[in-house]
Amino acid sequence: MKNIPTLFAAILLFVSSSSQAQTQWDIEGTLLNEYDLVTGLQIPWEILWGPDDMLWATTRPGDVLRIDPETGSYTNVLNIDVFGGNGAEPGLLGMAMHPDWENTPKVFLVYCTGSSWSNASENLSVFDFDGENLVNEEILLTVDAGGIHNGSRLLILPDNTLLMSTGDTGDGGNSSQNQSHLNGKMLRLNLDGSIPSDNPWPGSYVYSWGHRNSQGLCLGPDGIIYSSEHGQSNWDEFNIIEPGRNYGWPNVEGLCNGTSELAFCEENNVREPLRAWAPCIAVNGIEYYNHPAIPAWNHTVLLSVLGGLGGQYERLSVLHLSADGLEVESEDQYFSEFNQRVRDIAINPNTGAIYMALNGPSYPGYGPNIIKEFRPDEYDSVDLIKEELIDALIYPVPALENINIDISDALIGGHYNIIDYHGKIVMEGGLNSNTQVIQVNSLARGSYYLFLQNGDNMITRTFTLQ
């Protein structure tokens, strides 16, 4: 079933379109052009670069989007009923793609289901992608879900097994130190859902234990597995995941120090974090960056930071690694000016551009939200609209009385909505030609969100009326 994701306006200070950057950022001599790739989304949770050279995204209310990175046009390939969604931590969460995509186009998803917290579950499912939709769901694994701490990042490992983080669902860590319980763990599965024969404990999905709520996973050099993990009020962690290791929660937070923690660490083979933060900054999605487009970020881990409950610390952190990847040597911080919770990061392997999913200014995240792109200037070659692309260009910028919309043939016959920043549709009409002039002088001055659709093709833009 295809549903249009809930769409609202976002107040922006600059125009956003496929061929006009909002502003530039200087990263130690490398200029990044900032774009709003998609606007008006409800809580984008996972974003990743797909093997089809498209950007894929999950939204917590239950949508899976397939986004054209050249234009920001997208299709909704799945809408699934979830428990939680908007205004709560659970919902549709992690995603991963089958490593042999050409022959086996499958997508792995984690989502919460149930009718109350007493019976909530979390499904790890795999779907077939038929070129247009995700179909043929197969549930591979079910674990307990909760109102908080559901983990749910997914990562394909070099040996083509699947790693899944699970949270302790807020039970205070009781499940985390219980190996018979699948919560508070890193779980490793074969891609068919079976248990790998070389897991640390025969017949068990458990790969590592003693976790509180890990919501970041990525691969580094030589197959190193990095994770980010939420602490309680102090000591968020950045870890290396090793098979069979205990990560301490709830007996240890952060580094092993203090008499009781030192004793527990020694007795239980606890792996200390590479870096820890106090107070908690709410660490989230991570990606390893090693692309010539941004030399200053080579051999680093990009860390999404949601920020504290009081609305602080939101940023992208860049963790500079030692040559062997086993230590964090320093941290740089970027994009705190947005005052937006940074949920996840994706990297374009072709251009080195990064994509950043924002979740609003306050916990636990509310829409409308934006997926931003930061495109290295050297690789920024957006030209005029092409007929074969689903694209749209708005001008003049800012608007005074009219806006002109140049659209590709793929959008002709569809419709447009102009939505104000309160989420109200203030104007609508049909898309009848490649160039359309819309009188907007009756609207109040401010920023507006433009939604264009023809069938399954959807694209978003923003403009300001002065």
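Atom set for the values below is all heavy atoms of this structure, side chains included, hydrogens, waters and symmetry mates excluded. Note that the numbering runs from 1 along the sequence shown for the chain.
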Quiz prompt | Ile371 side, atom CD1; Ile67 side, atom CD1 - distance, nearest 0.5 Å | solution = 4.0 Å

Quiz item: Would Asn123 and Tyr111 satisfy side-chain hydrogen bond (donor to acceptor under 3.5 Å, both in side chains), going step by step from the backbone distance to the final call?
Solution: CA-CA 6 Å; Asn123 289 339; Tyr111 65 95; 3.3 Å; yes

Practice problem: Please answer whether the main-chain N or O of Gly184 pairs with a side-chain N or O of Asp168 as donor and acceptor at a distance below 3.5 Å. | Solution: no

Self-check item: Criterion side-chain contact (heavy atoms from CB on, under 4.5 Å) on Gln232 and Trp249, from CA distance to verdict
Solution: CA-CA 10 Å; Gln232 187 168 27; Trp249 173 255; 3.7 Å; yes

Quiz item: Is a side-chain N or O of Asp324 found less than 3.5 angstrom from the main chain of Leu326, in a donor-acceptor match?
Solution: yes

Self-check item: Approximate separation, where rounding is to 0.5 Å, of Arg66 CZ and Leu134 CG
Solution: 10.0 Å

Self-check item: Donor-acceptor pair between Trp277 and Glu331 side chains, under 3.5 angstrom
Solution: yes

Quiz prompt | Polar side-chain atom of Asp236 near backbone of Ala282 as donor-acceptor pair, under 3.5 Å | solution = yes

Quiz prompt | Any Ile418 side-chain heavy atom under 4.5 Å of Ile425 side chain | solution = no

Quiz item: Under 3.5 Å, is there a donor-acceptor pair between the side chain of Ser165 and the main chain of Ser214?
Solution: yes

Self-check item: Donor-acceptor pair, side chain of Arg341 and main chain of Asn359, under 3.5 angstrom
Solution: no

Quiz item: Ignoring hydrogens and geometry, is there a side-chain-to-backbone donor-acceptor pair from Glu272 to Cys256 under 3.5 Å?
Solution: yes

Quiz item: Looking at residues at least two apart in the chain, or sitting in another chain, which of them share a salt bridge (Lys or Arg N to Asp or Glu O under 4.0 Å) with Glu373?
Solution: Arg375

Quiz prompt | Side-chain (Asn454) to main-chain (Ala410) donor-acceptor, under 3.5 angstrom | solution = yes

Quiz item: Should we count CD of Glu337 as having more than 12 external heavy atoms under 6.0 Å?
Solution: yes

Quiz item: Does the Tyr226 side chain pair with the main chain of Gly325, one donor and one acceptor, at a distance under 3.5 Å?
Solution: yes

Quiz item: What do you reckon, is CG of Asp81 surrounded by more than 12 foreign heavy atoms closer than 6.0 Å?
Solution: no

Practice problem: Examine distances only and state if a side-chain atom of His299 and a backbone atom of Ser322 form a donor-acceptor pair shorter than 3.5 Å. | Solution: yes

Quiz item: Between His211 (side chain) and Ser176 (backbone), is there a donor-acceptor pair under 3.5 Å?
Solution: no

